[in-house]
There are 2 protein chains.
Amino acid sequence: MGRRRPGTPTLEEVAARAGVGRGTVSRVINNAAGVKESTRRAVQQAIAELGYVPNLAARSLAGRRADAVALVMTEPDWRQFAEPFFSEIVTALGDAVADTGLQLLLTLVRSDAERLRFLEYARGGRVDGVLLMSVHADDPLPDMLAEARMPTVLLGRRSAEEYVSYVDADNIGGARTAVGHLLDQGRTAIATITGPADMYVAQCRLRGYHEALELAGLGGKPSWIAEGDFTEESGRRAMARLIERHPEIDGVLAASDTTAAGALQALRAAGRRVPEDVAVIGFDDFPLARRTAPPLTTVRQPLEEIGRAMVRLLLEEMEEPSVAWRHVILRTELVLRESA
Amino acid sequence: MGRRRPGTPTLEEVAARAGVGRGTVSRVINNAAGVKESTRRAVQQAIAELGYVPNLAARSLAGRRADAVALVMTEPDWRQFAEPFFSEIVTALGDAVADTGLQLLLTLVRSDAERLRFLEYARGGRVDGVLLMSVHADDPLPDMLAEARMPTVLLGRRSAEEYVSYVDADNIGGARTAVGHLLDQGRTAIATITGPADMYVAQCRLRGYHEALELAGLGGKPSWIAEGDFTEESGRRAMARLIERHPEIDGVLAASDTTAAGALQALRAAGRRVPEDVAVIGFDDFPLARRTAPPLTTVRQPLEEIGRAMVRLLLEEMEEPSVAWRHVILRTELVLRESA
DNA sequence: GTGAAAGCGCTAACAT
DNA sequence: ATGTTAGCGCTTTCAC
C-alpha cells in the first residue's frame, strides 16, 4: 500500500530557512526554554512559510513516547455502547485528557483477533497508556497489558483481588447509604434485587445492603434477596416474586437503575403506590433516573471525578512505571427523587 | 514526561540471535516472499524467545505509513453518541476495517482546540486516512483535511456541492419510494414533517416527497409541509398542527423515526387510528422502529453497506491520493411494519 | 535467498 | 543561547 503524501517539509528545511540549527527548531516547536525571542520568531516564521508539521513517527522514535492514550471498550455487544453511561464517561475522560497534551483514542475490542491487534498496537508504542472500561471478569486484556508493563487503569474492578490499577465507585458505601436512608424513613422490610452474582460490582452492592441492615440490628431474610442481571426485565420478574412472597416489603434497593425501573413497573402492577407503600432506590448505571415514573431516587456515581481520577492515575503510572498498583475508590452520592 | 519501558528487544537483536541479517528479519515479520522456510522458522523462533514486538514508530518512519485510520466524531453534543445509529455505524465500520490490517481509532472532536489537536495528529502521519461522521454543514474539518491532502471520506454530504469524498444514502429515492407506497394504498392527502431546513439530508428527503407527488399528478399544498428538527417533540407538535388544519390527511412522511414516533403520539391524541385512518412512514435514523406502537414502517439505510463503502473509498484514496473525489450513494430500503 | 548500508525525521546530550 | 552529533528501530534498495 503506497501511502503518505510526499513533499512534506522537514525540521531540517525549517532550520535552513530560518538560518539556525536543527536543535533550535526542535526547541521552538517543543516550547522549550532557552531560545532568544528573536530567534524563536524567525523559526516560527519559517515554520509558517513552509507549512511545516512535525512528523510524529520520528518524534515518537526519538523521544520514546507517543503522546497518546487509548480508551479501550471491551464489549462484545457493542450495542451496550448506546447506553448513556458510556457516552457520559467518554465525555468525562475526554475532558480530563483535554489539557494534558495527549490524544485520546477510543478503540473497540470485540474479539480475540482485535485483542491481539490492539495489543500489538499498544506494545508497539503507539500509545503511552491504556484506559479500560466495562471489563468482564474473565477478560485477559488487563493481564496482557500488565505483563507488557503498559501503564493501565481500569474503570471498576474485576474482583476483590484486582491488582491492576483501577478507579471504582464506592458501591458498598453507596448501598449502605441507600439502605440507611430507607431505614431513616422508618422502613424495616427492605428487599434487594442484585446484579449477576459473578460480577464484583454486584457483590459489593449486596454487601453494602447486608452491612446496613446488620448495623441497624435487622437480620434481613435470605428470601428478601432476589437475583437480577441489571436488565429491566429481570427487575420486573424479581420484584413480582418478592412482593408476592413478602407483601410486607416497604423498601427496595435495586442494583441498577434499569432493574429499578422494572421493579417500579412490577410494584404498580401489584397495586403498590411508590413511594407511599414501597420506596425504591437504584444505582445510577445507565442514567435513566428522570425517565421513570415516578423519577428514581438513585445512588449516583460521580462520573466526572471518575474520569479525572483515571487520567490522573494513568499519568502517574506513565511517569513512574510499575512502582505500585494504584487504586481509587470514589464516594457515591444519594440523589433523592420521588421514588423514595 | 519520561515514558516507555526499556529493555524491549529490537529487530537487530532478533537478527543476531537467529544468525541472520536485519533485512531477513524484516521480511519475516512482514510476511514478505523470498525467504527460505528454514530461515523463516529460525527467525520466528528467535522472535518468540525474545518476545520481540516491532516498534511501530520506527516502522512508520521508515515505511511512511501508520497502518491506522481515524473515525472522527464531530459532535459537540456527545450525548448524541448514545443514539443506536452511532453504535451501529461504528460496528459496521469496525467490521469493514477488521480484515484490512488497519487499526481503527475513534476520536472525539468537540471544540476548535480538539480540532487542531486532531489535525496535527493526522497531518503528523499517525493515521493514513480519516472517516468523518455527523459532520455539520459549517464544520471546517473536512476542508482542513482536504487541504492537508489527507485521504478523507464523509458519512453524508454537507451540501449538494460536496466535494470531499462521501458515502450517503439515497434520501431522495427513499422519500420517493415511501410516498409512492402511500399513493399505492390509495392515499392522496399526504403530508410531511421535515428536518431542519438548513440540513442537506432534510432537503433531500423533502425533495423526494415533492417529486413523488408531482409524478402522481398531485400538487401537494405548501401547508402540508411542517418543519421539524428530527426530535420527537417536534414531531408531536408538527403533527398536531397538521391534523388540526387538515383533518383529511391520510398519510405522513416523517424525516426521521424519532419525528415519526412523535407524530404517532399526536395522531392518537387526535383520535386517529394508525394505519387505518392515517399511515405513517419515517426515515430510520435512530432505529427505534420496533419500539413504537404500532411498529414503524421505515425507509431504512443500509448501515453495513455504508460502512463497507466508506472503508473501500478510503482505501482507494490511500492507494492513489487525490486523483478524484469519490462519491457513493446507497439505495435505501422500505421496511413495512404496522404503521403503514 | 540473504546481508550490508543508506536513510526515514526527530530528540537529547554534548559542545561551544 | 545555539550548533553539532549520535542515535531511535525499522524498511528498502542494492549487491552478492
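Below, chains carry the letters A, B, ... as their sequence lines are ordered, and counting in each starts from 1.
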Whether B:Glu13 and B:Arg17 form a salt bridge (side-chain N of Lys/Arg under 4.0 Å from carboxylate O of Asp/Glu) is what I want to check. no
Under a 3.5 Å threshold, yes or no: a donor from one side chain and an acceptor from the other, between B:Arg126 and A:Ser60? yes
Under 4.0 Å: is that the gap between some side-chain N or O of B:Arg59 and OP1 or OP2 of D:dT11? yes
Tell me: CD1 of B:Ile47 to P of D:dG9, nearest whole Å? 16 Å
Tell me, which of residues 18-29 of chain B have any heavy atom that sits under 4.0 Å from an atom in DNA chain D? B:Arg22, B:Gly23, B:Ser26, B:Arg27, B:Ile29
Do A:Val153 and A:Trp325 touch side chain to side chain, with heavy atoms closer than 4.5 Å? no
Tell me the interatomic distance from B:Glu37, atom CD, to C:dT2, atom C1', rounded to whole angstroms. 15 Å
Do the side chains of A:Arg41 and A:Glu37 get close enough for a salt bridge, i.e. N-O under 4.0 angstrom? yes
Is the phosphate of D:dA1, meaning OP1 or OP2, less than 4.0 Å from a side-chain N or O of A:Thr39? no
Rounded off to whole Å, could you give me the OH-to-C1' distance for the B:Tyr52 and D:dG9 pair? 7 Å
In whole Å, I'd like the distance from the CZ atom of B:Arg41 to the P atom of C:dG1. 16 Å
Output the rounded distance in Å from CG (B:Leu61) to P (C:dA6). 17 Å
Considering just the side-chain nitrogens and oxygens of A:Asn55, establish if one lies under 4.0 Å of OP1 or OP2 belonging to C:dC8. no
Round to a whole Å and report the spacing from CG of A:Leu11 to C1' of C:dT11. 9 Å
I need the CG-C1' distance between A:Asn31 and C:dT11, as an integer number of Å. 15 Å
Please give, in whole Å, the distance from C:dA12 C1' to A:Arg65 CZ? 11 Å
So do A:Val328 and A:Leu330 actually touch side chain to side chain, heavy atoms under 4.5 Å? yes
Is a side-chain donor-acceptor pair under 3.5 Å present for A:Glu317 with A:Thr152? no
